[in-house]
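This report refers to the structure that appears directly beneath it.
Every chain is numbered from 1, with letters handed out A, B, ... down the list of sequences.
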2 protein chains.
Amino acid sequence: MSTSWTIPTVAIAVDLAVLTVRTERLHVLLVNRGVEPYRGRLALPGGFLSTEDEDIDVAAGRELAEETGLDAAKLHLEQLRTYGAPRRDPRMRVVTVCYLAIVPNLPLPSAGGDADRARWVPVDRVLGRRGLLAFDHGQIIADAVDRARSKLEYTTLATAFCNPEFTISELRRVYEIVWSEELDPRNFHRKVTGVEGFLVPTGNRTSGNGGRPAVIYRPGPATVLHPPILRN
Amino acid sequence: MSTSWTIPTVAIAVDLAVLTVRTERLHVLLVNRGVEPYRGRLALPGGFLSTEDEDIDVAAGRELAEETGLDAAKLHLEQLRTYGAPRRDPRMRVVTVCYLAIVPNLPLPSAGGDADRARWVPVDRVLGRRGLLAFDHGQIIADAVDRARSKLEYTTLATAFCNPEFTISELRRVYEIVWSEELDPRNFHRKVTGVEGFLVPTGNRTSGNGGRPAVIYRPGPATVLHPPILRN
DNA sequence: GCAAAAGTGTTGATGGTACACCCATGG
DNA sequence: CCATGGGTGTACCATCAACACTTTTGC
């Protein structure tokens, strides 16, 4: 249970709550547990922290890159919370440092992985259902979704859900899907274009979608929204 | 380096950033380190987590009660962040789960403790000074102050700095001192009395301070501020 | 009365919602 | 031409900063 040190040691895990928007719903990345405990249930991707010289934030980024196949430096990744209830893992004392990651609608969630590797699950299918998720991962997902919903209001987080180039309609759909709330397209347009540094026009426009072509934007340098875009 | 398990173990510490307002300044509770490393420097109060069955949130509450002599259940305590840089402690790999606590102006910071026990230090004296604090505790205090400043805007956190009964002037001084910003007393009064569930009048008034007596309030049931009280 | 602190009323600026209206494309 | 989605103008409403003004105490 402990090492030869007089200071007791505890296992530390790093888990990821990776959120994305796909097929008009908010999804979370989950893996099928192949081992006990909670064998067969769904769990957040993650792993134990080694004693090697790796910052926990870096470890989370490495995990994220492994799971998504993308460069974690280009994705949104932030610490969410640390969970340390005494018997959350029946094997031993485990404290989990959890991270919230936001990724765009990836073409392949787990292209070159194992059979039972990560898959996207709609958030509203896992929340409120008991017996589906391992450990306290239901609570963690709920906290992650709360954080994401809240940060859409006063930060530029929504662009992390979008591809590198996107239209204002696509950005608005992110808000609507994450918040489960309809927004007025006209007022939304004015709000987001009015925030300095939020959106940078690429100079290109969409075509072939029916209707007037939309200006295509890239994320700007701003990280906070002045003024914020508030829910109801 | 590791136990008989294949899972390596790491030491987990729980540290507290306890903030209060006293003598018209924001203070943080610090202890003098009596042992290496960083012997003689100031550090946040805290300790290692044992493997015993104690939730980390509960462990933080116990630490807070020990340091302040107050019932932690009646104080504001929330998780701040977890710090896990590889060499933040030169002895071994230590990951620290940090908590932010807010307490009123206590009559005694460390009444019945050791000689070099905890003491209150003005925040503006420790921030930006190198060589004064142990470990990465300067960064942690900066994060704690940021969190507190931000939460005054949209939560009822400010009442946690006040005694159980307080006037609107006292509440305003909390905002002004934590934000380092002067507020208009008249508009502030209207704002805080306009938020439902923020303040509950006790029916009593102050006397003997010169000037018109102020109504004395208790904290109400609200935890979030609708509408928020914003900085400039 | 006078100083000091508490509390109210009012005005002009600003930001938000609701919605009428115009623009640019595909079919 | 018409449907569809993109984008602008505007009227009305809530909120807020600024500050004149009233209230209630101690001295």
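B:T20 places none of its side-chain heavy atoms less than 4.5 Å from the side chain of B:V28. Between B:P104 and B:F161 the shortest side-chain heavy-atom distance does not fall below 4.5 Å. A:H27 is listed as a side-chain neighbour of A:T23, based on a closest heavy-atom distance under 4.5 Å. A 4.5 Å side-chain heavy-atom check between B:L29 and B:E67 finds at least one atom pair inside the cut-off.
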Please produce a list of atom pairs where a protein N or O lies less than 3.5 Å from an N or O of nucleotides 12-15 of chain D.
none

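Residues that satisfy the side chain to side chain contact (heavy atoms under 4.5 Å, CB included) test with B:D184, not counting sequence neighbours, are B:R186, B:N187. Residues passing the side chain to side chain contact (heavy atoms under 4.5 Å, CB included) test with A:E196, sequence neighbours excluded: none. Contacts of A:R125 classified as side chain to side chain donor-acceptor pair (under 3.5 Å), with partners at least two apart in sequence or in another chain: none. Remark: A:F135 engages A:Y38, A:H137 in a ring pair (Phe, Tyr, Trp, His ring centres under 6.0 Å) (not counting sequence neighbours). The side chain to side chain contact (heavy atoms under 4.5 Å, CB included) test applied to B:R173 returns B:E24, B:E176, B:I177, not counting sequence neighbours. Listed by chain and number, the residues in a side chain to side chain contact (heavy atoms under 4.5 Å, CB included) with B:N105 are B:R22 (sequence neighbours excluded).
If you check the side chains of B:R88 and B:T96, you find a donor sitting under 3.5 Å from an acceptor.
At a non-hydrogen distance threshold of 4.0 Å, A:A214, A:V215 from residues 214-223 of chain A come into contact with DNA chain D. Residues from residues 152-175 of chain B that place a heavy atom under 4.0 Å from any atom of DNA chain D: there are none.
Taking each heavy atom of B:S180 and B:R149 in turn, the nearest pair found is OG-NH2, 4.2 Å.
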Under 3.5 Å, which donor-acceptor pairs do the side chains of residues 208-232 of chain B form with other protein atoms, sequence neighbours left out?
unit_1 : atom_1 : unit_2 : atom_2 : d
B:R218 : NH1    : B:E165 : OE2    : 2.7
B:R231 : NE     : B:E153 : OE2    : 3.1

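For the pair B:H189 NE2 and D:dT23 C1', the computed distance is 12 Å after rounding to whole Å. Rounded to whole Å, the distance from CD1 on B:I229 to P on D:dA17 is 10 Å.
Using five terminal pairs a side, the axes of the helix from C:dG1-D:dC27 to C:dG27-D:dC1 at its two ends make an angle of 10°, given in steps of 10 degrees.
A salt bridge does not link B:D143 with B:R81: every distance from a Lys NZ or Arg NE/NH1/NH2 to an Asp or Glu carboxylate oxygen is 4.0 Å or more.
A donor-acceptor distance shorter than 3.5 angstrom exists from the side chain of B:T193 to the backbone of B:R190, with no hydrogens or angles considered.
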Could you run down nucleotides 17-27 of chain C 5' to 3' and tag each one B, S or - for protein heavy-atom contact under 4.0 Å?
BBBBB-BBB--

